[in-house]
Amino acid sequence: MVRIDGTYHCLGFLTMLRRRIHDVLSRHLELRQLRKAAQSHRSPESPELVKVDPFKAVWRVSIPNHAPRFMSVRSGAVNHEFFVVHLDAERFYHAWLKASPRIPRRRGSDCICRSQMPADYKYKWAVDGFSHGVNNPVPLAEAGAHVDTGGQLCLGFTNGVTRTFWLLANRCPTFPVEVYGEESAQLLHQTAGLGPGPTTLAELFSKTTLQYV
């Protein structure tokens, strides 16, 4: 119990402690449910690529009981170093939550339980971003994977945590992400990927121009 300016702050400490215990227990229960669900899980179809032009590629992603949303990636100067990986959302969520610490780091790229995702302070911006349709698609999140010195799988993002929270919270079955480096892309694909494997942006933008369907 700490006394500051004549006021005891034990209540605040206990509230924080209860919240952390609740988060740890929620994570444990969520991982148990995900392990059980994985036994009967069927992989979804990959997200649909609906347009490629010299500057931008666009995918349609499904959201149960809602209109589809759209995501995109832009061509750049080093397309051969960047990859697109199509993720099985449930497998990725399970692996990301499992790889994250029991108590997420503030402002980190750690995963939290799906039920807590809408409380993220930037979530309302993701809601707005995904509302604009095919003419203003949401940029792909920038994800990555590596194995640390202890042999543990690490998953994270350099950009796009909250938009990924939005996709997972809304039960999107599959979505694409952008990954820098072949090793990271291959590991992410092995962990939760769909299809034959990662695609470089160079290969993606070499395709014949597609039109919206």
Side-chain angles (χ1 to χ4, degrees), residues 27 30-31 34-35 38 41-49 51-52 54-61 70-112 114 117 126 137-168 172-207 210:
R27 177 181 179 275
E30 184 84 336
L31 285 171
L34 288 168
R35 284 194 297 269
H41 177 68
R42 293 185 178 182
S43 295
E45 297 292 329
S46 294
E48 182 183 5
L49 181 66
K51 182 181 180 181
V52 181
F55 308 103
K56 183 168 64 177
V58 180
W59 289 264
R60 177 188 288 117
V61 295
F70 296 88
M71 304 187 75
S72 68
V73 69
R74 290 189 175 276
S75 179
V78 286
N79 282 344
H80 62 286
E81 296 181 8
F82 286 89
F83 295 76
V84 172
V85 176
H86 293 168
L87 295 178
D88 179 327
E90 286 303 295
R91 287 170 54 208
F92 176 73
Y93 172 46
H94 187 184
W96 187 23
L97 186 62
K98 183 179 179 181
S100 296
R102 293 181 180 181
I103 300 175
R105 295 163 293 185
R106 184 174 296 180
R107 299 187 181 90
S109 63
D110 300 322
C111 189
I112 57 178
R114 195 190 326 253
M117 292 176 181
V138 174
L140 300 191
E142 299 166 18
H146 70 277
V147 176
D148 67 17
T149 55
Q152 297 298 311
L153 174 67
C154 299
L155 301 173
F157 294 83
T158 56
N159 194 3
V161 171
T162 306
R163 74 196 75 152
T164 304
F165 282 174
W166 187 92
L167 291 165
L168 294 175
C172 176
T174 174
F175 54 90
V177 293
E178 183 180 4
V179 184
Y180 175 75
E182 183 175 6
E183 184 176 352
S184 180
Q186 291 290 354
L187 181 55
L188 185 57
H189 180 264
Q190 292 168 17
T191 301
L194 295 169
T199 302
T200 66
L201 294 192
E203 180 182 356
L204 179 65
F205 285 104
S206 70
K207 295 179 181 293
L210 301 176

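Counting from 1, the numbers follow the sequence of the chain as shown.
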May I ask you to test the Trp59-Val84 pair for a side-chain heavy-atom distance under 4.5 Å? yes
Closest heavy-atom pair, His189 versus Arg91, reported as atoms and distance to 0.1 Å, is O-NH2, 4.5 Å
Check ion pair Arg114-Glu90 (N to O, under 4.0 angstrom): yes
With heavy-atom distances below 4.5 Å as the criterion, would you say the side chains of His41 and Asp88 are in contact? yes
Give a yes or no on whether the backbone of Leu87 and the side-chain of Thr174 come within a donor-acceptor separation of less than 3.5 Å. yes
Could you give the distance from CG (Leu155) to NZ (Lys98), rounded to the nearest 0.5 Å? 11.0 Å
CG (Leu194) and NE2 (His86) are apart, to the nearest 0.5 Å, by 8.5 Å
Are Lys51 and Lys56 close enough that some pair of their side-chain heavy atoms sits under 4.5 Å apart? no
Flag side-chain contact, heavy atom, 4.5 Å: Val78 against His80: yes
Nearest atoms (heavy-atom pairs only) where Phe83 meets Pro198: CD2-CB, 3.8 Å
Minimum heavy-atom distance between Ser184 and Ala145, given as atom pair plus value: OG-N, 2.8 Å
Met71 versus Leu140, closest heavy-atom pair with distance: CB-CD2, 3.6 Å
Leu204 versus Val52, closest heavy-atom pair with distance: O-CG1, 3.7 Å
Does the side chain to side chain contact (heavy atoms under 4.5 Å, CB included) test come out yes or no for Thr164 and Phe92, once each step is laid out? CA-CA 11 Å; Thr164 304; Phe92 176 73; 4.2 Å; yes
Taking the six-membered ring where the residue is Trp, are the ring centres of Phe157 and Trp96 under 6.0 Å apart? yes
Atom CG in Leu201, atom CZ in Arg74: separation rounded to 0.5 Å? 12.5 Å
If we only count heavy atoms from C-beta on, is the Pro139 to Arg163 side-chain gap below 4.5 Å? yes
Enter the distance from Tyr93:OH to Ile112:CD1 here, rounded to the nearest 0.5 Å. 8.5 Å
Contact between Met117 and Trp166 at the side-chain level, heavy atoms closer than 4.5 Å - yes or no? no
Is a side-chain N or O of Arg27 found less than 3.5 angstrom from the main chain of Ser100, in a donor-acceptor match? yes
Grab the two heavy atoms, one from Pro54 and one from Ser75, that are nearest each other, plus how far apart they are. O-CB, 3.6 Å
I'd like to check Glu142 versus Tyr180 (side-chain heavy atoms, cut-off strictly below 4.5 Å). Are they in contact? no
